Colleague: 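Got a structure for you, questions after.
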Amino acid sequence: MTQENIIVGCDIGGAHLKVARAENGRIVKAMTVATPIWLGLDRLTAVIPEVMPLFAGSGLNAFTMTGELSDIFPSREAGIAELLKVIGTHFPGRSMIYAGRSGFVTADQAIQHAADVASANWHATAALVAELVGEALFIDMGSTTTDILATRKGAVEHHGYTDAERLATGELVYTGFTRTPLMGVASNAPIRGRLTPLMNEYFASMADVQRILGALDESDDKQSTADGQAKTVDASITRLARMVGRDSANLTAAEWRDLANWFSERQLRTIHDAALLVAGKHQPGSRAPMVGAGIGRAQLKCLAERMRRPFLDFADIIPADDAVRAEASGAAPAAALALLAGAADHRPPGER
């Protein structure tokens, strides 16, 4: 196999590094590793050796990023500059940077396109969905955020582009399947027939909720727990209990499960509301499918049923080996880049 047939996509996030390897236009490997950049850039560089096998023999590496948002950087542009240094120093071979609406650019050009490079990973995944499906309502629910876009006639339709614009349009919902603190989902919760205000402390996350409900694949929860303790159902109940000023023994196991289910529903309601806004603006046909990506795909399948839309799993529509489909969907932007970059690299320079 020649180098030109091997393309690696890489999404450098503030919490995770996602990598996908394509050979002959098909995803054959994918990986997600924790990179809490807010604790220092060394948290990223330390795990790069772990993903290096996916870059072996690659002819092209395509990068997108959201890590520039991390609060160790004074601005997004400064964050992009630092991450470009990491790319140039630690990743071998030829690299391209995804600049969303500006297409792929060289690393040298990326700072000039900083506004388009910043947090453009959503655009890459939606662009691939537009190419593969055509008209759809596309939702990627990751560990931290949820992206909601419409696609039509091979193009991404959106009213916002920057994080600020997309927050205002509902196309970016800052809630995710595992990392979101429960105080970011609601301000109070029902306990034995009464609404109880939540503790405004990071005592528990949505990973605890999903674990209690049996909805969590533990391989998708790559961050530490709020208290640094075990990732078990009992430990998650203990953390959930703190959110409402209680100990785990104060309620029955069934009551804790009911409370966890309430938080799950509350979060899904928020995403549902945003999806209705996006669908209302772009008017995808009533039978246009919802395409779901990310580690929260099971939640999105429930949402599709509520919105009376057919559901397509991103993992099932991309060209990929069956053994890596789930991991590739969890690393959807990286997988999209690996598939999109090959086609872009073979276009004349004026069309890239």
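Everything numeric here is computed off the predicted structure, so don't read it as measured data.
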Colleague: Any side-chain to backbone donor/acceptor pair from Thr225 onto Gln229? Under 3.5 Å, distance only.
Modeller: yes
Colleague: Heavy atoms only: give me the nearest Phe263-Val209 pair and the separation to one decimal.
Modeller: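 Minimum heavy-atom separation between Phe263 and Val209: CB-CG2, 3.9 Å.
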Colleague: Checking the side chain of Gln223 only, and the main-chain atoms of Ala15 only, is there a donor and an acceptor separated by less than 3.5 Å?
Modeller: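 Yes, the answer is positive, given that a donor and an acceptor are paired below the 3.5 Å cut-off.
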Colleague: So do the side chains of Lys153 and Glu135 get within less than 4.5 Å of each other, counting heavy atoms only?
Modeller: no
Colleague: Stepwise, does the side chain to side chain contact (heavy atoms under 4.5 Å, CB included) test hold for Leu17 with Cys10?
Modeller: CA-CA 7 Å; Leu17 175 65; Cys10 187; 3.5 Å; yes
Colleague: Among pairs that include at least one residue of residues 71-103, which meet ring-ring contact (aromatic ring centres under 6.0 Å, His included), considering only residues two or more places apart or in two chains?
Modeller: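 Output for this query lists Phe55-Phe91, Phe63-Phe91, Tyr98-Phe104, Tyr98-His123.
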Colleague: Are any side-chain N or O atoms of Thr270 and backbone N or O atoms of Arg266, one a donor and one an acceptor, separated by less than 3.5 Å?
Modeller: yes
Colleague: In sequence, state the C-alpha distance, the side-chain angles, and the governing distance for Ile139 and Val291, and then conclude on side chain to side chain contact (heavy atoms under 4.5 Å, CB included).
Modeller: CA-CA 6 Å; Ile139 307 182; Val291 178; over 6 Å; no
Colleague: Is there a donor-acceptor pair under 3.5 Å between the side chain of Arg297 and the backbone N or O of Gly294?
Modeller: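 Indeed, once roles are kept as given, a pair shorter than 3.5 Å links the two residues.
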Colleague: Give a yes or no on whether Val51 and Ile87 share a hydrophobic cluster (residues Ile, Leu, Val, Met, Phe, Trp, Tyr; joining criterion: side-chain heavy atoms under 4.5 Å apart).
Modeller: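 As far as the 4.5 Å side-chain criterion goes, Ile87 and Val51 are connected within one cluster.
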Colleague: Could you check if a side-chain atom of Val86 sits within less than 4.5 angstrom of a side-chain atom of Ile48, using non-hydrogen atoms only?
Modeller: yes
Colleague: Determine, stepwise, if the pair Thr45 / Asp42 fulfils side-chain hydrogen bond (donor to acceptor under 3.5 Å, both in side chains).
Modeller: CA-CA 5 Å; Thr45 57; Asp42 61 314; over 6 Å; no
Colleague: Any carboxylate oxygen within less than 4.0 angstrom of a Lys/Arg side-chain nitrogen, looking at Glu218 and Lys231?
Modeller: no
Colleague: Could you walk me through whether Thr180 and Tyr174 pass the side chain to side chain contact (heavy atoms under 4.5 Å, CB included) check?
Modeller: CA-CA 8 Å; Thr180 300; Tyr174 225 91; over 6 Å; no
Colleague: I'd like to know if the side chain of Arg246 reaches the main chain of Val244, judged simply by a donor and an acceptor atom lying under 3.5 Å from each other, with no hydrogens or angles considered.
Modeller: yes
Colleague: Report yes or no: do Ser58 and Asn61 form a side-chain donor-acceptor pair below 3.5 Å?
Modeller: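 Present: a donor and an acceptor within the cut-off.
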Colleague: Between Asp221 and Arg211 (salt bridge meaning N to carboxylate O under 4.0 Å), is one present in this structure?
Modeller: yes
Colleague: So Phe203 and Met183, do their side chains get closer than 4.5 Å, heavy atoms only?
Modeller: no
Colleague: Go through Val129 and Val156 one step at a time and tell me if the side chain to side chain contact (heavy atoms under 4.5 Å, CB included) criterion holds.
Modeller: CA-CA 9 Å; Val129 169; Val156 183; over 6 Å; no
Colleague: Are any non-hydrogen side-chain atoms of Glu23 and Asn5 less than 4.5 angstrom apart?
Modeller: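 Result no, sub-4.5 Å side-chain heavy-atom pair not found.
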Colleague: Just how far is it from atom CG of Asp140 to atom OG1 of Thr145, taken to the nearest 0.5 Å?
Modeller: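 Nearest 0.5 Å value for the CG-OG1 distance: 7.0 Å.
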Colleague: Out of Thr66, Asn121, Thr125, which one pairs with Asp11 under the side chain to side chain donor-acceptor pair (under 3.5 Å) rule?
Modeller: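 That would be Asn121.
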Colleague: Any carboxylate oxygen within less than 4.0 angstrom of a Lys/Arg side-chain nitrogen, looking at Asp227 and Arg239?
Modeller: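 A salt bridge is present here (some side-chain N lies under 4.0 Å from a carboxylate O).
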Colleague: Among side-chain atoms of Thr35 and Arg43, is any donor-acceptor pair under 3.5 angstrom?
Modeller: no
Colleague: Under 6.0 Å between ring centres, would you say that holds for Tyr161 and Trp122?
Modeller: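 Yes, close enough.
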Colleague: Kindly indicate whether the side chain of Ile97, heavy atoms from C-beta on, has any atom under 4.5 Å from the side chain of Thr106.
Modeller: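 No. Closest side-chain heavy atoms not under 4.5 Å.
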Colleague: Within the side chain of Trp262, is there an N or O that forms a donor-acceptor pair under 3.5 Å with the backbone of Ala189?
Modeller: no
Colleague: Would you check if there is a donor-acceptor pair between the side chains of Asp217 and Ser219 at a distance under 3.5 Å?
Modeller: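 Indeed, the side chains of Ser219 and Asp217 share at least one donor-acceptor pair under 3.5 Å.
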Colleague: Taking the side chain as everything from C-beta on, heavy atoms only, tell me whether Lys301 gets closer than 4.5 Å to Asp313.
Modeller: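 Side chain of Lys301 against side chain of Asp313, heavy atoms only: no contact under 4.5 Å found.
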Colleague: Are Leu268 and Leu276 in one and the same hydrophobic cluster, where Ile, Leu, Val, Met, Phe, Trp and Tyr link if side-chain heavy atoms are under 4.5 Å apart?
Modeller: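 Cluster IDs for Leu268 and Leu276 match.
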Colleague: With the threshold set at 4.0 Å, does a side-chain nitrogen-carboxylate oxygen contact exist between Asp321 and Lys29?
Modeller: no
Colleague: Donor-acceptor pair, Glu171 side chain versus Gly160 backbone, under 3.5 Å?
Modeller: yes
Colleague: Over all heavy atoms of both residues, which pair between Val173 and Ala274 is shortest? Give the atoms and the distance, please.
Modeller: CG2-CB, 3.4 Å
Colleague: First locate atom NZ of Lys18, then atom OG1 of Thr32, and finally report the distance between them rounded to the nearest 0.5 Å.
Modeller: 5.5 Å
Colleague: Where is the tightest heavy-atom contact between Ala118 and Arg76, given as atom of each residue plus distance?
Modeller: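 Of all heavy-atom pairs spanning Ala118 and Arg76, the closest is CB-CD, 4.3 Å.
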Colleague: Just by modelled atom types, is the Arg325 backbone N or O under 3.5 Å from a matching donor or acceptor in the Ser329 side chain?
Modeller: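 Between the backbone of Arg325 and the side chain of Ser329 there is no qualifying donor-acceptor contact (under 3.5 Å).
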Colleague: According to a hydrophobic-cluster definition based on side-chain heavy atoms being under 4.5 Å apart (Ile, Leu, Val, Met, Phe, Trp, Tyr only), do Val233 and Leu240 belong together?
Modeller: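 Looking at the clustering, Leu240 is in the same group as Val233.
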Colleague: Which residue pairs satisfy the ring-ring contact (aromatic ring centres under 6.0 Å, His included) criterion with at least one member in residues 270-327, sequence neighbours excluded?
Modeller: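 Pairs touching residues 270-327 that pass the test: His159-His282.
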Colleague: Atom CG in Leu339, atom CG in Leu128: separation rounded to 0.5 Å?
Modeller: 5.5 Å
Colleague: Are Arg26 and Asn24 packed together at the side-chain level, in the sense that at least one heavy-atom pair is separated by less than 4.5 angstrom?
Modeller: no
Colleague: For Arg257, which residues count as a salt bridge (Lys or Arg N to Asp or Glu O under 4.0 Å) partner, sequence neighbours excluded?
Modeller: none
Colleague: Using 0.5 Å steps for rounding, measure from the CD1 atom of Ile271 to the CG atom of Leu300.
Modeller: 6.5 Å
Colleague: Considering non-hydrogen atoms only, spot the tightest contact between Ser70 and Gly14 and give its length.
Modeller: OG-CA, 3.6 Å
Colleague: Within a 6.0 Å radius of atom CD on Glu77, are there more than 12 heavy atoms belonging to other residues, nucleotides or ligands?
Modeller: no
Colleague: Does any N or O in the side chain of Lys281 come within less than 3.5 Å of the main-chain N or O of Thr169, such that one atom is a donor and the other an acceptor?
Modeller: yes
Colleague: Would Arg179 and Ser143 satisfy side-chain hydrogen bond (donor to acceptor under 3.5 Å, both in side chains), going step by step from the backbone distance to the final call?
Modeller: CA-CA 5 Å; Arg179 290 190 62 236; Ser143 65; 5.1 Å; no
Colleague: Between His113 and Ser102, what is the shortest heavy-atom contact and its length?
Modeller: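 Taking His113 first and Ser102 second, the nearest heavy atoms are ND1-OG, 3.7 Å.
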Colleague: Is there side-chain contact between Glu68 and Val117, with heavy atoms separated by less than 4.5 Å?
Modeller: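 Counting from C-beta outward, Glu68 and Val117 never come under 4.5 Å.
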Colleague: What closest approach, in Å, do Val278 and Gly170 show between heavy atoms, and which atom pair accounts for it?
Modeller: CG2-O, 3.8 Å
Colleague: Output the distance between atom OG (Ser264) and atom CD1 (Ile212), rounded to the nearest 0.5 Å.
Modeller: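 Rounded to the nearest 0.5 Å, the OG-CD1 separation comes to 11.0 Å.
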Colleague: Would you call Glu265-Arg306 a salt bridge at under 4.0 Å N-O?
Modeller: yes
Colleague: Supply the atom-to-atom distance Met65 CE to Ile80 CD1, rounded to the nearest 0.5 angstrom.
Modeller: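 Taking CE in Met65 and CD1 in Ile80, the distance rounds to 6.0 Å.
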Colleague: Checking the side chain of Glu327 only, and the main-chain atoms of Val324 only, is there a donor and an acceptor separated by less than 3.5 Å?
Modeller: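 No, Glu327 side chain to Val324 backbone: no donor-acceptor pair under 3.5 Å.
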Colleague: Do Ile12 and Ile295 share a hydrophobic cluster (ILVMFWY, side-chain heavy atoms under 4.5 Å, transitive)?
Modeller: no
Colleague: Do you reckon Leu41 sits in the same ILVMFWY cluster as Leu84, going by side-chain contacts under 4.5 Å, direct or chained?
Modeller: yes
